[in-house]
Amino acid sequence: MKNNHSIETKCVQGGYTPGNGEPRQVPIIQSTTYKYATSEDMGKLFDLEASGYFYSRLQNPTCDTVAAKICELEGGSAAMLLSSGQAASFFSVFNIASCGDHVVSSSAVYGGTYNLFAVTMKKMGIEFTFVDPDCSDEELNAAFRPNTKAVFGETIANPALTVLDIERFAKAAHAHGVPLIIDNTFATPVNCRPIEFGADIVTHSTTKYMDGHGSAVGGCIVDSGNFDWMAHKDKFPGLCTPDDSYHGITYAEKFGKEGAFIYKATAQLMRDFGCCQSPQSAYLLNLGLESLHVRMERHCLNAQKVAEFLEAHEKIAWVNYPGLKTNKYYSLTQKYMPNGTCGVVSFGVKGGRAAAEKFMKALKIAAIETHVADARSCCLHPASATHRQMNDEELLAAGVSSDLVRFSCGIENYRDLINDINQALETI
Ligand SMILES: *Cc1c(COP(=O)(O)O)cnc(C)c1O
């Protein structure tokens, strides 16, 4: 549903408008199947001739309602929920690239995404070229090949906190006739809407800020509806030629550029891989989304205060937060996220790995967790956790030094967070 509501109102009310006497809160449709009167009715659903539900692996009303809200938040044309952010990243690429194809990706991506691309999808015959997000236009253009099918990057990279020049990457992708896929997990649509800057597909790990309470793993893909698949027919046979596994449907013809991507990802990939989100998780996700705009403001305020405190502290070697005026990405931040970036600050403790570990152990409010973007503050040493599969060279390319502490500011009082950090720094 397109409307002129502000992002705050969309967070609270988007996706679901109950009719007279219907539940005010999004109902949890905890049903795997749906009843029909005749086989003919059901046949039409299988042929995608009629829209309706028949099996919750493909679609579920609760999940669709929540996907519709995220679609509104991002300003897209269609969206789907998935079981995790990893599933969203995988589907977003695999929906348009297959064995023998090539993808250009920013090197500053989430560790799990790097592994998915560089190891697992490589085994499937899809090759990735990783480019520095700050590379020159020449370097970026040189990464493309005739068989390139997409460009992938993160608005704010986890955990490197590099800010992607989305417009520049979109321009390069479009000049080569391929879409730009943006993982917008860290910024959330409250702080940045990549589609407004030329991104074609937006993905999320909803596990992070969108859920925001550490309660449900989930993912989402939003299509802008802007990419003209048929104009690049030869590159995207999966969308532009009949799908023999689905009664000869040509997605881009039948559903247009607004619906083709999500229809194909649902009818084909979700059918075959089954990475669906549960309606219970979608309900929890929606509760999170209702306060996303309020929480993001506090996450960003807390991170700004913590980053400024750390920057002035003698035991801190360096601080990386895109909201700091001294940050390398501050001008990109002003362009893409003028109202705030995210709640994650990374920094190095003087004394390297050992000092970082001692510091983290002494924290009382922030817990050590493989998680970010939670209402409760938490921290992690990526080199020994999420990124431990990488060697030092790969770590450097991903923007993760071995002394890096990733601190995810929750929505507690920032004075308490600073006092806690201060006392922990005194122990080293
Ligand atoms: C966590 C994360 C993912 C993976 O999401 P899961 O829900 O954990 O599968 C992908 N991208 C980014 C930026 C993330 O932070």
Side-chain angles (χ1 to χ4, degrees), residues 63 66-67 70 74 80-94 103 105-121 128 130 133 152-164 166 180-192 194 199 201-222 273-278 281-282 284-285 288-289 292 296 299 303 322 336-337 341-346 369-374 378-380 382 385-389 398-400 404 406-409:
C63 295
V66 180
I70 298 173
E74 289 288 4
M80 67 195 290
L81 294 191
L82 300 95
S83 55
S84 67
Q86 283 300 106
S89 301
F90 174 58
F91 274 36
S92 71
V93 174
F94 199 64
V103 174
S105 173
S106 163
S107 60
V109 289
Y110 172 65
T113 306
Y114 180 83
N115 213 48
L116 170 70
F117 290 172
V119 181
T120 301
M121 291 184 79
F128 287 77
F130 293 93
F152 189 99
E154 294 179 14
T155 313
I156 307 172
N158 173 13
L161 302 178
T162 52
V163 176
L164 193 75
I166 298 172
L180 173 64
I181 305 170
I182 293 289
D183 180 336
N184 196 32
T185 298
F186 263 33
T188 84
V190 169
N191 285 338
C192 180
I201 309 289
V202 175
T203 65
H204 281 280
S205 165
T206 62
T207 317
K208 312 294 165 55
Y209 290 114
M210 285 189 167
D211 172 300
H213 300 78
S215 43
V217 174
C220 184
I221 303 176
V222 181
F273 291 102
C275 319
C276 52
Q277 182 157 146
S278 83
S281 293
L284 291 170
L285 168 57
L289 289 168
L292 181 64
M296 285 314 288
H299 280 296
Y336 291 105
M337 293 163 273
T341 53
C342 65
V344 181
V345 179
S346 64
E369 290 173 27
T370 309
H371 192 41
V372 286
D374 192 277
C378 55
C379 62
L380 182 80
T386 46
H387 284 60
R388 64 181 301 135
Q389 79 280 7
V400 183
L404 185 152
R406 182 182 70 183
F407 196 97
S408 173
C409 296

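Atoms within a ligand are numbered from 1 in the order they appear, just like the ligands themselves. Position 1 is the first residue of the sequence, and the numbers go up from there.
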Quick one: does any side-chain atom of Thr207 pair with a main-chain N or O of Gly218 as donor and acceptor, under 3.5 Å?
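Indeed, once roles are kept as given, a pair shorter than 3.5 Å links the two residues.
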Using a strict cut-off of 4.0 Å, indicate which atoms of ligand 1 neighbour a heavy atom of [X].
X	answer
Gln86	4 (C), 5 (O), 6 (P), 9 (O)
Gly218	7 (O)
Phe186	15 (O)
Lys208	1 (C), 2 (C), 3 (C), 14 (C), 15 (O)
Thr185	12 (C), 13 (C), 15 (O)
Glu154	13 (C)

With respect to Gly85, determine whether any N or O atom, backbone or side chain, lies less than 3.5 Å from an N or O atom of ligand 1.
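For ligand 1, there is an N or O atom that lies under 3.5 Å from one belonging to Gly85.
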What about Thr207: any of its N or O atoms under 3.5 Å from an N or O on ligand 1?
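Such a contact does occur with ligand 1.
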In sequence, state the C-alpha distance, the side-chain angles, and the governing distance for Val109 and Asp183, and then conclude on side-chain contact (heavy atoms from CB on, under 4.5 Å).
CA-CA 9 Å; Val109 289; Asp183 180 336; over 6 Å; no
Is there side-chain contact between [X] and [Y], with at least one heavy-atom pair below 4.5 Å?
X	Y	result
Met337	Thr155	yes
Glu154	Thr113	yes
Phe152	Phe128	no

Judged by non-hydrogen atoms, does Ala373 sit under 4.0 Å from ligand 1?
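Under 4.0 Å: no for Ala373.
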Closest heavy-atom pair and its distance - Pro189, His204
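So the minimum-distance heavy-atom pair works out to CD-CE1, 3.7 Å.
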What's the verdict on side-chain contact (heavy atoms from CB on, under 4.5 Å) for Met210 and Leu285, showing C-alpha distance, side-chain angles and the deciding distance?
CA-CA 7 Å; Met210 285 189 167; Leu285 168 57; 3.7 Å; yes
List the closest protein heavy-atom neighbour of atom 4 (C) of ligand 1: residue, atom name, distance to the nearest 0.1 Å.
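Among all protein heavy atoms, the one nearest atom 4 (C) of ligand 1 is Tyr110 CE2, 3.4 Å.
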So which protein heavy atom does atom 13 (C) of ligand 1 come closest to, and at what separation?
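Result for atom 13 (C) of ligand 1: Asp183 OD2, 3.4 Å.
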How long is the straight-line distance from CD1 of Ile181 back to CD1 of Ile221, given to the nearest 0.5 Å?
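Nearest 0.5 Å value for the CD1-CD1 distance: 8.5 Å.
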